[in-house]
Structures are given as structure tokens and as C-alpha cells.
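Below, chains carry the letters A, B, ... as their sequence lines are ordered, and counting in each starts from 1.
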Amino acid sequence: MPIPGIPVLEGKYFATMDFYPIEAPEFNRISKFYENLAQKKLTTTKCKKCGTTPFPPRVVCPECNSDELEWVELADHGKVLNLSEEVAGVPLGFEAPLIHAIIDLGNGLRMLSRIVNCPAGQLKEGDEVKLFVFSIPPMIMDIKEGTKESPRVFFAFEPVKK
Amino acid sequence: MSERQVCMIGGGMSQWGRRSASLVDVVQEAAKACFDDIPGIKRKDIDGFLFASSYCGRNPFQVNAAPVMAERIGIKPLNMCSRVDTLCAGGSSAIILAAGLVKAGMADVVAVAGGEKLYTPQMWEAYYSEMASIDHDWDAPHGMGLPGPFFAMTAKDHMKRYGTKKEHLALVSVKARRAAAVNPKAQFQKEVTLEEVMKARPIVPPLTLFDCCPITDGASMTILTTPDRAKAFSNHPLVYIRGTAQATRHSMSANWPGEDLADWVHMRTAVKRAYEVARVKASDIDVAQTHDCFTISELIEAEELGFCKKGEGGPFIAAGQTDIGGRIPINTDGGLLGVGHPFGGTGIRQGMEIMKQLQGRATRQVKGAKIGLTHNLSGLNVEHTVLVYGLEP
Ligand SMILES: [Zn+2]
């Protein structure tokens, strides 16, 4: 008799334990964000009716209720407003010190982001940082004949070399 | 016909800390302590039940947990039986909802329980699961789980703008541990000195070990009812819920509403609204339980509640104004820093401490306290919840 439980999950993809988004177009209506990100472009949606440009992207304008939205590009450079270096309690898969910063991307957008490719103790307020896009583990999803791997990307920021 | 009023009549909690016990175990312990506290009430008197828990869906992998808890406690509610999740404010949300049910006449005697089992057999899972507590698709992928980094940056902004010192933060922790040392249900039973706090190991500078509330297993339970039923159940003075508010205006960190991270504009919205509904002002509050998830939080909360001027939280605390005998005693039972923080259980613990203060039976009693309040923030500082309690409705 097979014994169900944790062992039967071996090799399965745990969507419920994944802190990355499910990016595949079969699972959300903003997959264009991730397609653009793979092209190293940080984008969001802009309302064609009233011009509202919220972040993160939407499928309905939160201001005027229109669903006619278009994709627009955001800045890929910004300035560090504040930062922290976490040395304890870092989540599994991340290395200490885990660096976070609030980045001024202009037009009133202040983004919290992980900072990568940066040695400990080096980053300072006012430093210039730029978008860094990287591959993350693919999502394994059911298809008619078994499963397929759906590639994924995510972003962080990295210091601009002086 | 005048509006129905609602009272908190008693309550209790399990031992909080790193427990060799499951979620249903600590909820039963809390229910026992609650019924022991109100001998006049029987399990069959309960006609409504709310259970505040966020991580029951993760560990023990149990959603729709309210019927599970009701059955284990041995109550058979017939008007309401539901789970509430606003993370750190879950217990306070459940109290607000229970008060609404009683005021509306949709239930008469509502038990409000809350708690979490956060320690898992492998510790990595406890930290990892924390990434479910913030905006999933946008903040969690940056490795933002336990919100230490966000509050470290908050502390840096407050220090830069107002000259707040690391010592000011440390004094919040020293005060919390002093209170927890005489609270037998608290996670930490030992006082700490200013020197120990200042020399503690860093978590995310400037925050060190004692600046951060711990991971906690535990539960609490209280009972809300009408003044008439309250008088039949208990001889303690009636404690009314005078006014409440819960305000949010963003979720993802990119939409933070303040000028900088030390500017908690959404908290001011909740405070103003709760004071309005309760017909009180800051100077009327005799005792407060605020959300000291980090030491910097309590400092800023004292400002945003109007107990001191914006920016003066540090000197206010250093002058002993938030201690018993000061202008406004805060976190008299030890707070999150001393008692611990099993998310859904916290708002109920805070409410029960205020209730005991107003009934004159707190362990560390604030003399003559008539009006008290509780406050929670949730998640990556995205929501603020305030309840005002009083001896008058
Ligand atoms: Zn619009």
C-alpha cells in the first residue's frame, strides 16, 4: 500500500509555498509585465481614458473604472533614498546580508527592492542603482500530455558602477 | 429606542512562547482561562464565535478553522461562527466584528478567540512562511518576510529627521521586559538592562535582537455581550467598547502614503476616526496597548496617537512618560516585545489588558484608569486598527 504524505510530493512544484508570482499567461492577465521584464523593461499599465498610471499594473483602472489600459515603460534607473542590511532571519534561499532599499524612480514612484551584486556595507543613500533582471525557477504546469516548464524572470536593482 | 451597547466581560490566554503544543491545544487553554475568569458563564451561553488566525492555513494546514476550534472548545454557536484574518490585527478585527454583531442584535454572547502555531518542526519554514504576510507578487519576491528591514529603514528615517537615538529604542524594550517579567503568561520572564539591549546582536541595523518581537505560539479568548447579560454573568465593572476604526490606503510598499517611513499618515486616519466615534481626545486616554512589533513602532505610535508631539517620541519615552506613573502608561502587560506575538491572539490580549486596567484588577495597575485604547498595525505597515474602551458607554 503506498503511504501518501510529504514523500509523494517529491519532484512536484509547490505553488502554495512559492513567493514568486505565477507568471504564465494561463494564470494572470498581466503576464505582459513579465514578458517586458524579460526584455529588461520595467513597465506598468496606463489608463487610456484618464491617464492614471498605477503600480503595480492593473486590469481595471482604479480611478475611472475603465478597462482600456496600455503598457508604458518606467524608469530603469533610480536613486537610493533609504536602505537596510538584514543579517539574521533571512528567508531560506536568500543570503545574509540581505540588502533592501527604497528607490526613487521619479514621477512619485518609490520602489522597495532587493539590491544585488553589491558587497555588504558599500551601498549609501543617494547612490545610483539600475534595474537587474534575472531568471527564477520555472513553473511546472499541467498540460494535456503531462507537464511543461514555464520560464520565469524577476527583478532587483544593482549599484551603477562609478 | 437607544442603541444596544457592548461590553467585554472577561477573558484569558494560554501560556505564550515556544510551546510544545498544537494550535487546537493552545486555543483550548485560552478558552479554559476565559471561562475560569467568568465563572457565571457556561459554554452553552455562547451564541456567536469568531476565530482570528492567519497562519492556521499554513500550519496546521487548516482553513475554515472556526468550526474546528468551536468543536474542540465545546461551544455550539448558532448565530455566527467564522474565521477572521487581518494578520497582526486579527484579534482586534474580530472584537470589532463581534461588537457589531452584539450592537445589531444579531448575536448576544460572542466568544472571540485568536492565536497561531508559528514554530514548525524545521525552523526555516517559520521564517519562509512569513513571506505570505506581505503583498505576495510584488514585495515577497524581494525576500521581504519578517518585516525587520522595513522597520529598520523606518527607524533610520526617524533618527535622521528627528534626532532619535538608539538608546530611545532600547528603553522601549527595557520597559516591555520589565512588565513581562511579572506576567506569568508572557514569552519572556526575565528583565533586560539597557546595556544588554544596546550590546545585543544585530538583526537588521539599527535594530538588534531586543528591538524585535519574537516568534510566538499562543492563543487568547474573550467574551463580548450586552450590559444586561454582562451584569448577570460577572460582578466586575462593565467595560464598554466606545469606538473603533480600521484604516488602510495601500498594500504594496511602492504605494506607501507618508512623506517618509516615519510619517504614518494612515495611522493618523484611524486614530482620528476612533477618537471621533468614541467621543474622546488623546488627553482622555489613561492607558494604552500599542503595537510594539519593533521598538521604533511604539515610539512612533505614541506620536501618532497624539500622546506627544510628532518627532518627540524618543525624549517622551526617555522621560518615563510611557511608564506607570507617567503621562500615558503603554504596554503595561509587556506588549508584543515581552509577551510575544501570535498574530490573531494579540489584539485580544491587548483588549483584555485594557479591560482589566479599567476594572481595577490588572497586575500592574494604572490608578483610576477610566478610558483605554488598543492599537495594531498589520503586515508591512499597511493597515491600522484602534479600539477605545471605557467605563462609560
Ligand atoms: Zn482611468
Note to self: Assess the residue pair B:Phe150 and A:His100 against the criterion (side chain to side chain contact (heavy atoms under 4.5 Å, CB included)); give the C-alpha distance rounded to whole Å, side-chain angles, the decisive distance to 0.1 Å, and a yes or no.
What the structure shows: CA-CA 8 Å; B:Phe150 198 75; A:His100 288 99; over 6 Å; no
Check: Does the salt bridge (charged side-chain N to carboxylate O under 4.0 Å, His left out) test come out yes or no for B:Lys156 and A:Glu125, once each step is laid out?
Finding: CA-CA 11 Å; B:Lys156 285 169 79 173; A:Glu125 269 178 43; 5.4 Å; no
Next item on the list: Just do the side chain to side chain contact (heavy atoms under 4.5 Å, CB included) check on A:Val87 and B:Ile203 with the steps written out, would you?
Entry: CA-CA 5 Å; A:Val87 294; B:Ile203 300 296; 5.6 Å; no
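Aromatic ring orientation, A:Phe55 versus B:Trp138: perpendicular (interplanar angle above 60°, classes split at 30° and 60°).
Put simply, of A:Ile136, A:Thr16, A:Leu109, A:Ile99, the one with the most heavy-atom pairs under 4.5 Å next to chain B is A:Thr16. Per-residue heavy-atom pair counts under 4.5 Å with chain A were compared for B:Leu209, B:Ile215, B:Asp157, and the maximum is reached by B:Asp157. Ranked by heavy-atom pairs shorter than 4.5 Å toward chain A, the options B:Ala152, B:Ala140, B:Gly143 are led by B:Gly143. Options B:Pro141, B:Pro205, B:Ser251 differ in how many heavy-atom pairs under 4.5 Å they form with chain A, and the most are formed by B:Pro141. For the set A:Pro54, A:Ala156, A:Ser113, A:Gly89, the count of heavy-atom pairs under 4.5 angstrom toward chain B peaks at A:Ser113.
For A:Lys41, the NZ atom is loosely surrounded, since the number of other residues' heavy atoms within 6.0 Å does not exceed 12. By the 6.0 Å contact criterion, NZ on A:Lys130 is enclosed, its count of non-hydrogen atoms from other residues, nucleotides or ligands being greater than 12. Applying the 6.0 Å contact sphere to CZ of A:Phe14 captures more than 12 heavy atoms from other residues, nucleotides or ligands. Within 6.0 Å of the CZ atom in B:Arg268, the count of heavy atoms belonging to other residues, nucleotides or ligands exceeds 12. The number of heavy-atom neighbours closer than 6.0 Å to CD of A:Glu70, taken from other residues, nucleotides and ligands shown, is above 12. Within a 6.0 Å sphere centred on NZ of A:Lys46, other residues, nucleotides and ligands contribute 12 heavy atoms or fewer.
Side-chain atoms of B:Tyr128 do not come within 3.5 Å of backbone N or O of A:Gly93 as any donor-acceptor pair.
For A:Leu98, the part lying near chain B is the side chain, with the backbone staying farther off; criterion is any non-hydrogen pair under 4.5 Å. The parts of A:Ile102 that come within reach of chain B are both its backbone and its side chain, each placing non-hydrogen atoms under 4.5 angstrom from that chain. With a 4.5 angstrom heavy-atom cutoff, B:Met131 touches chain A only via side-chain atoms. B:Leu261 touches chain A through its side chain: at least one heavy atom from C-beta onward sits under 4.5 Å away, while N, CA, C and O do not. Of the two parts of B:Met144, the backbone and the side chain both hold a non-hydrogen atom closer than 4.5 Å to a non-hydrogen atom of chain A. Contact annotation for B:Glu125: only side-chain heavy atoms (C-beta onward) come within less than 4.5 Å of a heavy atom of chain A. Neither the backbone nor the side chain of A:Phe157 comes within contact range of chain B, judged by heavy atoms closer than 4.5 Å. For chain B, the nearby parts of A:Tyr20 are the backbone and the side chain; heavy atoms of each come within less than 4.5 Å. Contacts between B:Asp135 and chain A at a heavy-atom distance below 4.5 Å are absent for every atom of the residue.
Summarising the geometry, atom CG belonging to A:Asn28 is positioned 8.0 Å from atom CG belonging to B:Asp137; distances are rounded to the nearest 0.5 Å. In this structure, A:Met111 CE and B:Asp139 CG are separated by 9.5 Å, a value rounded to the nearest 0.5 Å. A distance of 7.0 Å separates CG of B:Leu380 from CG of A:Leu112, quoted to the nearest 0.5 Å.
B:Trp256 and A:Arg110 make their closest contact through O-NH2, 3.2 Å (heavy atoms, listed as atom of the first residue, atom of the second, distance). What you find for B:His142 and A:Phe155 is that their closest heavy atoms are CE1-O, 3.2 Å.
Between A:Leu83 and B:Pro149 there is no side-chain heavy-atom pair separated by less than 4.5 Å. Inter-residue side-chain proximity for A:Glu85 and B:Val204 is flagged as unmet; no heavy-atom pair is nearer than 4.5 Å.
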